[in-house]
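Keep in mind that this is a model prediction, so the values were computed, not measured.
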Amino acid sequence: MLLKGKEVANQIKEEIAKEVQSIVSKGVRPPHLVAVLVGEDGASKTYVKNKELACEKVGFSSTLVRLPDTTSEEELLAKIEEINNDDEIDGLIVQLPLPKHISEHNITQAINPAKDVDGFHDVSVGRLSKGQDTFISATPYGITQLLDRYNIETKGKHCVVVGRSNIVGRPMSILMSGSNKTGNATVTICHRHTVDLKKYTVMADILIVAVGIPEFITADMVKEGATVIDVGITRVDADNKKGYVLKGDVNFDQVEEVAGYITPVPGGVGPMTIIGLMQNTLKSHQAKFNV
Ligand code: NAP
């Protein structure tokens, strides 16, 4: 069965839009998200554009700050400081990757944790690790909500996460092992030094893959009836108008035959990631206005 992230995301967007209408009807300004984009990376431009469109759809204000790729780290830090101090802004994201001369660590740590709607600040990550209320990074947050909306049981299940990045695999493993509603799973986390990866993936009741290698997971690596969440999105050259197609980390045609549930690419995890961001921005606004 398909886990239709796009459909669920549209449903949640409608719910958020209703909340925004209620906020505005009380005379309070809507949530405001600012995205900073440095340079001209094609994929980053698309991601930021999609985030702006989602804001528009739910009734948030959004501002895109575009800076040239010659921007220095000091200039970017000054811009972040300005946004941190602006009470009219609830959420701030700096689109990654940044040009090589700028430290991503220094930038993510400069964001006010109260506006860290991407959940990349050490304070957010630390709170997540301790099971405290915080901004959860958008992709893992979106995935837990997809599991929740499809009533997929996680308690007592074996969840295998392939990939340990700070934005997907690691926080995902923390959430799945936490004592929250879509947690309480026994978690195995795999990476490029895992010996005999298949030995672990075939044990998974819930298999979450975030490696960035197209069609990496094949049918023989998946247990019959497993829930398979494909986070990967890679542009693969193709003879079409765009010149590329988007491929996930899972060989969909093969694995669909074995899995109980599976996310498509595109239309699975991607739209849910944007939902995570919208919900974090709403949460930041609520913390300020309590309406
Ligand atoms: P990343 O930072 O490159 O991390 C990839 C992870 O995969 C690393 O932990 C790496 O292990 C592991 N890995 C690489 N080769 C492996 C192998 N042969 N066997 C086992 N593990 C291996 O990537 P990311 O930021 O997590 O993103 C992963 C994918 O998800 C990308 O395609 C990205 O575009 C996509 N993505 C999608 C969304 C969305 O909204 N749908 C959001 C974020 C990312 P090591 O740590 O040992 O190097």
> Does a side-chain heavy-atom distance below 4.5 Å link Val222 with Val202?
Replying inline: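 Counting from C-beta outward, Val222 and Val202 never come under 4.5 Å.
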> Are any non-hydrogen side-chain atoms of Arg164 and Ser173 less than 4.5 angstrom apart?
Replying inline: no
Lys/Arg N to Asp/Glu carboxylate O, [X] vs [Y], below 4.0 Å:
X	Y	value
Asp133	Arg127	no
Lys18	Glu15	no
Asp118	Lys51	no
Glu7	Arg149	no

Any chain of hydrophobic side-chain contacts (each under 4.5 Å) joining [X] to [Y]?
X	Y	answer
Ile262	Met221	yes
Ile12	Leu147	yes
Ile89	Ile16	yes
Val48	Ile274	no
Met176	Ile136	no

> Using a distance-only test with no angle check, is there a side-chain donor-acceptor pair under 3.5 angstrom linking Ser62 and His32?
Replying inline: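 No donor-acceptor contact under 3.5 Å links the two side chains.
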> Do you see a donor-acceptor pair shorter than 3.5 Å between the side chains of His158 and Thr188?
Replying inline: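 Indeed, the side chains of His158 and Thr188 share at least one donor-acceptor pair under 3.5 Å.
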Could you grab the distance from atom [atom1] of [X] to atom [atom2] of [Y], nearest 0.5 Å is fine?
X	Y	atom1	atom2	answer
Arg192	Leu197	CZ	CG	12.0 Å
Lys247	Glu215	NZ	CD	4.0 Å
Ile143	Thr263	CD1	OG1	7.5 Å
Leu282	Asp90	CG	CG	9.0 Å

> Counting only heavy atoms not in Asn180, do more than 12 sit closer than 6.0 Å to its CG atom?
Replying inline: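 Counting other residues, nucleotides and ligands, CG of Asn180 exceeds 12 neighbours.
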Specify the closest pair of heavy atoms between [X] and [Y], including all atoms of both residues, with the distance to one decimal.
X	Y	value
Thr46	Arg235	OG1-NH2, 3.7 Å
Thr71	His101	O-NE2, 2.7 Å
Ala204	Ala226	O-CB, 3.5 Å
Thr154	Gly183	OG1-O, 2.7 Å
Pro264	Phe252	CA-CE1, 3.9 Å

> Applying the side-chain contact (heavy atoms from CB on, under 4.5 Å) test to Met172, which of Val231, Thr139, Thr144 qualifies?
Replying inline: Thr144
> What residue among Leu146, Asp148, Ile152 forms side-chain contact (heavy atoms from CB on, under 4.5 Å) with Thr182?
Replying inline: Asp148
> With sequence neighbours excluded, what pairs up with Val211 under the side chain to side chain contact (heavy atoms under 4.5 Å, CB included) test?
Replying inline: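 Residues passing side chain to side chain contact (heavy atoms under 4.5 Å, CB included) with Val211: Val162, Val209, Ile213, Phe216, Asp249.
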>> Please list all pairs meeting ring pair (Phe, Tyr, Trp, His ring centres under 6.0 Å) that have one or both residues in residues 269-291, counting only residues at least two apart or in different chains.
In response: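 Qualifying pairs, neighbours excluded: His285-Phe289.
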> Just one of Glu82, Glu81, Glu75 clears the side-chain hydrogen bond (donor to acceptor under 3.5 Å, both in side chains) bar with Lys79, so which one?
Replying inline: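 Between Lys79 and the candidates, side-chain hydrogen bond (donor to acceptor under 3.5 Å, both in side chains) is satisfied uniquely by Glu82.
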